[in-house]
Amino acid sequence: MAGLTTGAPTPQSITVHEQSRVLEVVFSDGAHFRIPFELMRVYSPSAEVQGHGPGQGVLQTGKRDVTITALAPVGNYAVQPSFSDGHDSGIFSWDYLYELGRDAQALWAGYLDRLAEAGLDRDAPMAPKARGGHGHGCGGH
């Protein structure tokens, strides 16, 4: 089945906790994760966030208070959350949710490092989408 590694753990339960802003997922191998909505939003697998190729990702900011307003199943292999900021194009496979939960601390550290490199903090508003070009103004290192 698309999006699934054969024999990979599958969710036994998925709970949206609006107050604490975490997605609680219990997997078939006993793993139990509480994935912050903010982490899910800044690591959304959508092209809008990841870009269309290596190095084209768009650094997400201002997502601390984002919530999940809806969670739609995608076949038997993924969920598609709708976030309160209007983002709804990310499809989170079971494998990807497992990675987010398992690697949350490392992913969070990587996000904070990228923010620091860009001279931003996580509460900075997102820049308006640029028209034409890729618009992230990297200009080299």
Side-chain angles (χ1 to χ4, degrees), residues 1-6 8-141:
M1 188 174 303
L4 275 183
T5 303
T6 303
T10 56
Q12 301 302 294
S13 70
I14 299 177
T15 308
V16 175
H17 292 283
E18 291 181 31
Q19 293 292 96
S20 52
R21 292 194 295 274
V22 296
L23 186 73
E24 183 175 11
V25 188
V26 178
F27 281 91
S28 56
D29 66 350
H32 182 177
F33 302 120
R34 292 175 63 87
I35 307 167
F37 295 164
E38 183 180 10
L39 185 74
M40 291 178 65
R41 179 61 183 83
V42 301
Y43 279 102
S44 174
S46 70
E48 179 186 329
V49 173
Q50 298 298 326
H52 294 279
Q56 293 185 5
V58 178
L59 183 60
Q60 303 293 302
T61 56
K63 306 304 179 191
R64 183 193 303 256
D65 295 324
V66 76
T67 60
I68 290 178
T69 58
L71 193 65
V74 179
N76 292 315
Y77 67 93
V79 289
Q80 185 170 5
S82 296
F83 291 93
S84 57
D85 65 351
H87 180 72
D88 64 1
S89 58
I91 295 176
F92 291 73
S93 69
W94 304 151
D95 291 352
Y96 193 61
L97 279 177
Y98 196 96
E99 283 177 38
L100 285 177
R102 182 192 63 208
D103 302 338
Q105 286 186 304
L107 291 168
W108 188 252
Y111 173 59
L112 295 178
D113 287 347
R114 290 200 322 275
L115 286 173
E117 287 170 14
L120 296 169
D121 73 43
R122 61 192 270 224
D123 295 314
M126 285 291 291
K129 287 181 186 162
R131 298 247 180 241
H134 57 254
H136 65 75
C138 61
H141 294 278

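Each residue takes its place number in the sequence, starting with 1.
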Can you check whether [X] reaches [Y] side chain to side chain, under 4.5 Å on heavy atoms?
| X | Y | result |
| --- | --- | --- |
| Phe83 | Thr69 | no |
| His87 | Val49 | yes |
| Tyr96 | Ile91 | no |
| Val79 | Trp94 | yes |
| Pro11 | Tyr98 | no |

Enter the distance from [X]:[atom1] to [Y]:[atom2] here, rounded to the nearest 0.5 Å.
| X | Y | atom1 | atom2 | value |
| --- | --- | --- | --- | --- |
| Gln80 | Ser46 | CD | OG | 10.0 Å |
| Ile35 | His17 | CD1 | NE2 | 11.0 Å |
| Glu48 | Gln50 | CD | CD | 11.0 Å |
| Lys63 | Thr61 | NZ | OG1 | 7.0 Å |
| Phe33 | Glu24 | CZ | CD | 12.0 Å |
| Leu107 | Met40 | CG | CE | 12.5 Å |

Check your understanding: Partners of Asp123 by salt bridge (Lys or Arg N to Asp or Glu O under 4.0 Å), sequence neighbours excluded?
Key ->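 For Asp123, the residues satisfying salt bridge (Lys or Arg N to Asp or Glu O under 4.0 Å) (neighbours in sequence not counted) are Arg64.
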Check your understanding: With sequence neighbours excluded, what pairs up with Arg41 under the side-chain hydrogen bond (donor to acceptor under 3.5 Å, both in side chains) test?
Key ->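 With sequence neighbours excluded, Arg41 shows a side-chain hydrogen bond (donor to acceptor under 3.5 Å, both in side chains) to Gln60, Asp85, given in chain and number order.
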Which heavy atom of [X] sits nearest a heavy atom of [Y], and at what distance?
| X | Y | answer |
| --- | --- | --- |
| Gly90 | Ser44 | CA-OG, 3.5 Å |
| Asp65 | Arg21 | OD1-NH2, 3.4 Å |
| Ala70 | Ile68 | O-CG2, 3.2 Å |
| Ala118 | Leu59 | CB-CD2, 3.7 Å |
| Val22 | Pro36 | CG1-CA, 3.9 Å |
| Glu18 | Phe37 | CA-CE1, 4.4 Å |

Review point. side-chain contact (heavy atoms from CB on, under 4.5 Å) between Val74 and Phe92: does it pass, once the steps are laid out?
Key: CA-CA 9 Å; Val74 179; Phe92 291 73; over 6 Å; no
Exercise for review: Test side-chain contact (heavy atoms from CB on, under 4.5 Å) on Phe27 and Thr10 and set out the steps.
Suggested key: CA-CA 5 Å; Phe27 281 91; Thr10 56; 5.5 Å; no
Exercise for review: Check the pair Leu23, Leu71 against side-chain contact (heavy atoms from CB on, under 4.5 Å), reporting the backbone distance first and the verdict last.
Suggested key: CA-CA 10 Å; Leu23 186 73; Leu71 193 65; 3.9 Å; yes
